[in-house]
Enquirer: 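For reference, the structure I am asking about is given below.
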Amino acid sequence: MPELPEVETIRRHLAPHVEGRTLRALEVLDDRWSRPLAGGELAAAVEGRVVERLGRRGKYLIWELAGEVYLLQHLRMTGTLLLDPQGAPPYTRVWLRLDEHDLAYTDPRRFGTGELALGGEALDAFFAARLGLEPFDEAFTTAHLHALARASRAPVKAFLLDQKRIAGVGNIYADEALFRARIHPLRPANRLSRTQVDALREAVVASLNAGITAKGASIDDFRDPYGVQGTFQDQFLVHLREGEPCPRCGGTVRKLRAAGRGTYVCERCQPRPRLRVAQR
DNA sequence: GTGATAACCTGGGTGC
DNA sequence: TGCACCCAGGTTATCA
């Protein structure tokens, strides 16, 4: 499922093929993708415009079009963009027709979305309402993360998954970062020490960087625009490794549920928080 | 105001 | 073999 590294992989692959080219046509085969706009309405706003830049913010792919028109694409769980596929791939929901290239957007579960922002202010407002800092932003410091953590009683796993706090971290990279930082996913965020927050910040950045270097993780659906799988799944430290030995201490990786998500943890390296007993 | 949970959605796996 | 059920998870809406 596309998280920040997978979306960044797609962006890096596609940018040289789409930047500077004209988006001739947008064919929306499933209006669910563009709602509340009808597919035709969204297409009318973007067709005929030059793609000035293909950007990314969190898990969003940003098609920056001439005239300050922005097409904001989220792949959610199973979305994939395929460059110049042969024929129509299964589950194709949208075609992006550029001069010289066709892109098929496929999405078996139909969770992915395409939204429109008209003008820089609308774009800024869109992301301000949805996303916190980028983990690769200079402002993503230990002090910043510590301030956020102190204000949240939520389990740190839920804290990491909240896009309004940190943009781009999903279930895979949250598990990997917490393992690297030796922090139990159920520990309340406001009970992390500054040292732990510092370790967590470093671990988030390191995990995401490792994912980008490996061109993303392909558990089931993710493919790059050429249809090639990423390799980060081969480097998972704990994610999906239930019952296997911990790569650090040899203990057993266990699966539990945190923030409503399957969560993998070595409880020897990541000690479970002790229950606090209310006293009178 | 904050955190927890359900709903959206569909393919794949499991059990009967 | 075929059917029913459950699980996976990013985001949003709703509830406590």
Side-chain angles (χ1 to χ4, degrees), chain A residues 1-10 29-37 56-62 72-81 89-94 105-115 117 125-132 134-135 147-178 185-192 204 207-208 211 216-223 229-230 232-233 236 238-243 255-265 273 276:
Chain A
M1 45 278 333
E3 303 182 24
L4 187 156
E6 287 74 31
V7 179
E8 179 62 19
T9 297
I10 290 170
L29 309 180
D30 178 3
D31 273 358
R32 184 186 161 78
W33 180 77
S34 57
R35 69 185 186 188
L37 292 181
R56 181 195 57 75
R57 179 84 166 83
K59 302 173 191 173
Y60 283 89
L61 202 58
I62 308 170
L72 311 172
Q73 192 170 7
H74 199 303
L75 309 179
R76 302 282 176 124
M77 302 282 298
T78 53
T80 306
L81 277 164
Y91 312 112
T92 298
R93 310 296 181 194
V94 179
Y105 172 69
T106 70
D107 190 354
R109 293 187 202 177
R110 302 168 68 203
F111 277 2
T113 55
E115 295 171 82
F126 181 91
F127 287 129
R130 291 168 175 79
L131 301 181
E134 284 282 310
L148 289 178
R150 276 185 302 189
S152 172
R153 287 171 290 140
V156 63
K157 172 81 182 261
F159 173 79
L160 286 177
L161 292 177
D162 184 351
Q163 303 299 297
K164 290 190 180 75
R165 295 188 172 106
I166 308 166
V169 178
N171 199 38
I172 295 170
Y173 294 91
D175 279 359
E176 296 293 291
L178 287 168
L186 295 178
R187 178 170 290 278
N190 63 1
R191 291 184 61 199
L192 295 177
V204 166
S207 298
L208 293 173
S218 296
I219 295 173
D220 42 22
D221 298 285
F222 175 71
R223 301 286 186 279
Q229 292 190 328
F232 191 57
Q233 68 280 2
F236 284 169
V238 288
H239 190 75
L240 295 182
R241 298 210 178 278
E242 182 183 19
K255 182 180 182 183
L256 48 85
R257 203 152 183 89
R261 298 287 174 258
T263 297
Y264 299 84
V265 59
R276 284 178 132 176

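Chain identifiers are assigned alphabetically (A, B, ...) following the order of the sequence lines, protein sequences preceding nucleic acid strands; residue numbering begins at 1 within each chain.
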Enquirer: By nearest heavy atom, map A:E115 and A:F111 onto DNA chain C; which one lands nearer the 5' end?
Expert: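 Per heavy-atom nearest nucleotide, the more 5' residue is A:F111.
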
Enquirer: Polar atom pairs between nucleotides 11-13 of chain B and protein, under 3.5 Å, N or O only, would you list them?
Expert:
from: B:dG11; atom 1: OP1; to: A:Y91; atom 2: OH; distance (Å): 3.2

Enquirer: Any sub-3.5 Å donor-acceptor pair from A:R56's side-chain atoms to A:G58's backbone N or O?
Expert: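 Looks like yes, one N/O pair under 3.5 Å.
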
Enquirer: Find out whether A:T78 and A:Y91 are in side-chain contact, i.e. whether some heavy atom of one side chain is under 4.5 Å from a heavy atom of the other.
Expert: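 Sidechains of A:Y91 and A:T78: no contact.
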
Enquirer: Does a nitrogen or oxygen in the side chain of A:R165 sit under 4.0 Å from OP1 or OP2 of B:dG3?
Expert: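 Yes, such a contact exists.
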
Enquirer: List in chain and number order the residues that pass side chain to side chain contact (heavy atoms under 4.5 Å, CB included) with A:A158, two or more places apart in sequence or in another chain; answer none if no residue qualifies.
Expert: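 Partners of A:A158 by the side chain to side chain contact (heavy atoms under 4.5 Å, CB included) criterion, ordered by chain and then number, come out as A:A154, A:P155, A:A259.
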
Enquirer: Taking for each residue the nucleotide of DNA chain B with the nearest heavy atom, is it A:R261 or A:D162 whose nucleotide lies nearer the 5' end?
Expert: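 Comparing both residues, the 5'-ward one is A:D162.
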
Enquirer: Judged by atom type as modelled, is there a donor-acceptor pair below 3.5 Å linking the side chain of A:R32 to the main-chain atoms of A:R110?
Expert: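 Indeed, once roles are kept as given, a pair shorter than 3.5 Å links the two residues.
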
Enquirer: Which of residues 148-157 of chain A sit near DNA chain B, with a heavy atom under 4.0 Å from it?
Expert: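 The answer is A:S152, A:R153, A:A154, A:P155.
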
Enquirer: For a quick check of understanding: with a heavy-atom distance under 4.0 Å over all strands, which category does A:R110 fall into, base, sugar-phosphate or nothing?
Expert: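 Sugar-phosphate contact only - A:R110 comes under 4.0 Å of backbone atoms but never of a base.
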
Enquirer: Remember a base hit wins even if backbone is also touched, and classify A:G260 as base, sugar-phosphate or nothing at under 4.0 Å, heavy atoms.
Expert: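 The answer is nothing, as A:G260 stays clear of every strand by at least 4.0 Å.
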
Enquirer: With the side chain counted from C-beta on, respond yes when A:F232 and A:P5 share a heavy-atom pair under 4.5 Å apart, and no when they do not.
Expert: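 A:F232 does not reach A:P5 side chain to side chain.
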
Enquirer: I'd like to check the salt bridge (Lys or Arg N to Asp or Glu O under 4.0 Å) partners of A:R93; sequence neighbours left out, ordered by chain and number.
Expert: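 By the salt bridge (Lys or Arg N to Asp or Glu O under 4.0 Å) rule, A:R93 matches no residue at all.
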
Enquirer: Residues in side chain to side chain contact (heavy atoms under 4.5 Å, CB included) with A:T113, at least two apart?
Expert: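 Checked A:T113 against side chain to side chain contact (heavy atoms under 4.5 Å, CB included); matches are A:H74, A:R76, A:E115.
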
Enquirer: Taking the ring centre of each residue, are A:Y264 and A:F236 less than 6.0 Å apart?
Expert: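 Between A:Y264 and A:F236, the centre distance exceeds or equals 6.0 Å.
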
Enquirer: Could you state the NZ-P distance from A:K164 to B:dT2, rounded to the nearest angstrom?
Expert: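 Spelled out: NZ on A:K164 to P on B:dT2 is 11 Å.
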
Enquirer: Between the side chain of A:E134 and the main-chain N/O of A:A167, is any donor-acceptor distance below 3.5 Å?
Expert: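 No, because the side chain of A:E134 does not come within donor-acceptor range (under 3.5 Å) of the backbone of A:A167.
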
Enquirer: Where the side chain of A:Q163 meets the backbone of A:L161, is there a donor-acceptor pair that is under 3.5 Å apart?
Expert: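 Yes, A:Q163 side chain to A:L161 backbone: donor-acceptor pair under 3.5 Å.
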
Enquirer: Could you tell me the boundaries of the chain A footprint on DNA chain C, defined by atoms under 4.0 Å from its heavy atoms?
Expert: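 Under 4.0 Å from chain A, the extent on DNA chain C is C:dA8 to C:dT12.
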
Enquirer: Give a yes or no on whether the backbone of A:G262 and the side-chain of A:N171 come within a donor-acceptor separation of less than 3.5 Å.
Expert: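 Answer holds: yes.
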
